Asks: 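Dropping the structure in here first, questions after.
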Amino acid sequence: MRPEPLIEAAGLAAGYGGAPAISGVEFALAAGQTLALLGPNGGGKTTLLRAVLGELRPVAGTLCVGAACGTVPQTERSRLDYPVSALEVAMMGTLSQLPWWRRPGRAEREAAARALDRVGLRSLADETFGRLSGGQRQRVLIARALVQAAGVLLLDEPFSGLDRPSAEGLEALIVELAGEGRGVVIATHDLEQARSCDLVLCINGRQVACGRPEQVLADVSVLEATYGGAIVEIPGSEGRAILPPHHHHH
Amino acid sequence: MLQPLQEPFMQRALVEVTLVGAAGGALGCWIVFYGLSYAAESLAHSIFPGLVLAAIAGVPLLLGAAPAIVLAALAIALCARIAGVSREAAVAVVVTTMFGLGVLLALSPRSPPGVESLLFGDVFGATNADVATAAGLAVVVAVGLRLLHGQLLIAGFDRGAARSLGVSVPFADAALLVLLAAGTVVAVQGLGNLLVVAVFVGPAAAARRLSSRMLPMMALAAGLAVLAGVAGLYLSYYAGTAGGASVALAIVAVYLLSLPLGRLARANRPSEGYDRRMTEPEPST
Ligand SMILES: Nc1ncnc2c1ncn2[C@@H]1O[C@H](COP(=O)(O)OP(=O)(O)O)[C@@H](O)[C@H]1O
Ligand SMILES: [Mg+2]
C-alpha cells in the first residue's frame, strides 16, 4: 500500500478574487519527497504555496494538506530592519504550542537554540536577523519551521540572491530534512536544482505539467509553455538553461 | 527644580505625562513598525467633534471621544468597501469630514470658551479623574501589549507565515488599533487633538534608531516619552509656554537628538565595523 500523501491537489484553482491566478493544479507529495515548482515571474508559484499554507481558499477543486506547514517566504526588504534576533525568529515557531497567556520561556528558548544548531547557526543565535547573509536568513526561517515541527516545508525561491556555495549548502540541508521524512516544496528558477528533486511541477497560470524531472524537463514544449519560449540555452552548459527575463527576483 | 512639585496642578500634570508617556511610547513602537503613523494621526483628528460635544454638554471628554472614534472607524470601513475608493482615500474623506464637523460645532454660539484647549491640550488642567483614567489606560496598554507581544511580533515580521504559526493577522491588527484608539482617547486630554500623535510616533522613532530588539526598544521609547513629557512640563512652567505644545516640542527634540546618537551607537556595535556577511563563512551541513 502506498503511504498517504502529505499534500494532494486535484483540479485546484485559487486566486485573489476575479479570475483565478492558478488553475488545473494536480499533484501528490509523499513524505520524504521534494517537489520543484517552476514558472515565470507571475506564473503563480507563490500563489500555489499560499494555497497550500491555507492562506488562500481553493475556488475550485480540492486540496488536502495532512501535516503542519512551515514556510520560508520570499525575501522581503521590510523584514531586514525588524528588531529581532535569529533566536527570536526561531522561537516564533513555538507560539502555536503555547496557551495564549503564556510567554515563551526556557523550554521554548532551548527548542529554538537546538533548531538553530541543527541548521548550523548556533553561534549566530543573538545576531539581528536582518544582518545575517541571505543564506543564513533562509536557515533561520528553516529553523523556525523545525521548531514548529512542520511535516511540510514550503520554500519560496530560497536560492535567489545566494552565491553558489551558499546555495549548495542550503540545498544539502533541504535534502537532509526531506530524508528525515518531511515533504518539501521549493519554488525555483533553477532548472539544475529542479532536476535533483523527486518531482517537478511547471506552472504558468495553469499547470503545464507535473511528473518526474527526467520526463518533464526533457520535453522542450513543456518548458516553452512554462516560460513562454523565453529560454536561452548556454552552449556547453549541458542542459543548464538560463532564463533571462526571470532570473532576477523582486 | 523641586519648587514646581509643591503645586498640586503640577503634580497631577507630571503623573499624567508619566502615565501617558510610558503607555504611548511602548505602544508607539508597534505603531511605527505596523506603518500606522498616519492612522494614528487620523484617529486623533476624527475624535474632534466628540470632544467639542462633550465640552458643550459639560461631560468628561472621554465620553465624547470614545463614540467618535468608533464612528470614525466604522465610517472608514464602510467607505473603503465602496468600489473604486482606496483605503487611504476613505480615511482622508472621513477624517476631514469629522474634523470639519468638529470645527463647525466649535464655532457655534453654544460652544463654551476654551475650545482651543481641545486642539492643543490642557495638561495642567488635568483633574484627579483624568489622572485615574490615564492610570487605567496605562494598565490596559501594558496588559494588552504583554498578552499580544508574541502575536504582534509574528504578524509584523511575516504576515504570510503568521497563520501557519498560529496567529490571526486580522486579530492582531484590530487589537493594535483598539489599543491605539484607547491610548488616543486618553492622551488627547493632555496633548490635544493636533499634538497627540507626537507621543506615539516621536519617542518610538527615536528608540528605533538606538535599539535593535523589540523589548528594549519599547522600554527606551517609554522612558524617552516620560523624559520628554517631564522636560516639556518644566519648560512650560518656567518659560510660560503652552503645556501640550511644550511636551510635543520636547518629543521632537528627543527625536532630533537620537539622529546623531543612533549613528554613534551603530558605529560602536562590535560586529558593525566590518561586514559580517562577507567574512562569516556559510555553514556547511
Ligand atoms: N496579493 C495579490 N493580489 C492580487 N493579485 C495577486 C496578488 N499576488 C499575486 N497576484 C497575481 O497572481 C499572479 C501570480 O502571482 P505569484 O503567485 O506571485 O507568481 P510567482 O510567485 O510565480 O512570481 C500574478 O498575476 C500576480 O499579479
Ligand atoms: Mg513569487
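Predicted model, so just to flag it, every value in this text is computed and none were measured. To find a chain, count down the sequence lines: A is the first, B the second, and so on, and within it residues start at 1.
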Asks: With chain B as the partner, which of A:Cys69, A:Gly54, A:Gly70 has the greatest number of non-hydrogen pairs under 4.5 Å?
Replies: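 Winner by heavy-atom pair count: A:Gly54.
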Asks: What part of A:Arg50 is in contact with chain B, defined as an atom under 4.5 angstrom from a non-hydrogen atom: side chain, backbone, both or neither?
Replies: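 No part of A:Arg50 comes within 4.5 Å of chain B.
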Asks: Hey, does the side chain of A:Glu55 reach the backbone of B:Ser164 with a donor-acceptor pair shorter than 3.5 angstrom?
Replies: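 Side chain of A:Glu55 to backbone of B:Ser164, a donor-acceptor pair under 3.5 Å: no, none is there.
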Asks: Heavy-atom pairs under 4.5 Å with chain B - which of A:Thr71, A:Leu53, A:Leu95 has more of them than the others?
Replies: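 Of the candidates given, the most pairs with chain B belong to A:Leu95.
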Asks: Just verifying a value: how many Å separate B:Leu147 CG and A:Trp100 CH2, rounded to the nearest 0.5 Å?
Replies: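 If I round to the nearest 0.5 Å, the distance is 5.5 Å.
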Asks: Please classify the contact of A:Glu168 with chain B as side chain, backbone, both or neither, using a heavy-atom distance under 4.5 Å.
Replies: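 For A:Glu168, there is no contact with chain B at all, as no heavy atom is under 4.5 Å.
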Asks: How many angstroms lie between CE in A:Met92 and CD1 in B:Ile154, if you round to the nearest 0.5 Å?
Replies: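 Rounded to the nearest 0.5 Å, the CE-CD1 separation comes out at 6.0 Å.
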Asks: Could you tell me if the side chain of B:Arg213 sits less than 4.5 Å from the side chain of A:Val84, heavy atoms only?
Replies: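 No. Closest side-chain heavy atoms not under 4.5 Å.
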Asks: Using 30° and 60° as the class limits, which term best fits the ring planes of B:Phe157 and A:Tyr82: parallel, tilted or perpendicular?
Replies: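 It falls in the tilted class, 30° to 60°.
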Asks: Checking B:Arg163 against chain A: side chain, backbone, both or neither under 4.5 Å from a heavy atom?
Replies: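 Only the side chain of B:Arg163 comes within 4.5 Å of chain A.
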Asks: Side chain, backbone, both or neither: which part of A:Val89 has an atom under 4.5 Å from a heavy atom of chain B?
Replies: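 Interface part for A:Val89: side chain.
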Asks: So what's closer than 4.5 Å to chain A heavy atoms on B:Met214: side chain, backbone, both or neither?
Replies: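 Looking at B:Met214, backbone and side chain both touch chain A.
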Asks: Applying side chain to side chain contact (heavy atoms under 4.5 Å, CB included) to B:Asp158 and A:Glu76, what does each step give before you reach the verdict?
Replies: CA-CA 9 Å; B:Asp158 193 344; A:Glu76 212 177 88; over 6 Å; no
Asks: Between chain B and each of A:Ser85, A:Gly93, A:Ala145, count heavy-atom pairs under 4.5 Å; write down the option with the most.
Replies: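 The option with the most such pairs is A:Ser85.
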Asks: Does any non-hydrogen side-chain atom of B:Arg208 lie less than 4.5 Å from one of A:Asp81?
Replies: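 The answer is yes; the side chains approach within 4.5 Å.
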Asks: With a 4.5 angstrom heavy-atom cut-off, is it the side chain or the backbone of B:Leu148 that approaches chain A, or both, or neither?
Replies: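 For B:Leu148, no heavy atom lies under 4.5 Å from chain A.
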Asks: A quick test of your reading: do over 12 heavy atoms of other residues, nucleotides or ligands sit less than 6.0 Å from CZ of A:Arg109?
Replies: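 Check fails, neighbour count at 12 or below.
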Asks: Does the pair A:Arg131 and B:Ser212 meet the rule for a side chain to side chain donor-acceptor pair (under 3.5 Å), with working shown?
Replies: CA-CA 11 Å; A:Arg131 285 161 43 79; B:Ser212 57; over 6 Å; no
Asks: Specify the closest pair of heavy atoms between B:Gly166 and A:Ser96, including all atoms of both residues, with the distance to one decimal.
Replies: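 What the structure gives for the nearest pair is CA-CB, 4.0 Å.
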Asks: Counting only heavy atoms closer than 4.5 Å, note whether A:Leu141 contacts chain B via side chain, backbone, both or neither.
Replies: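 For A:Leu141, the contact with chain B is made by the side chain alone.
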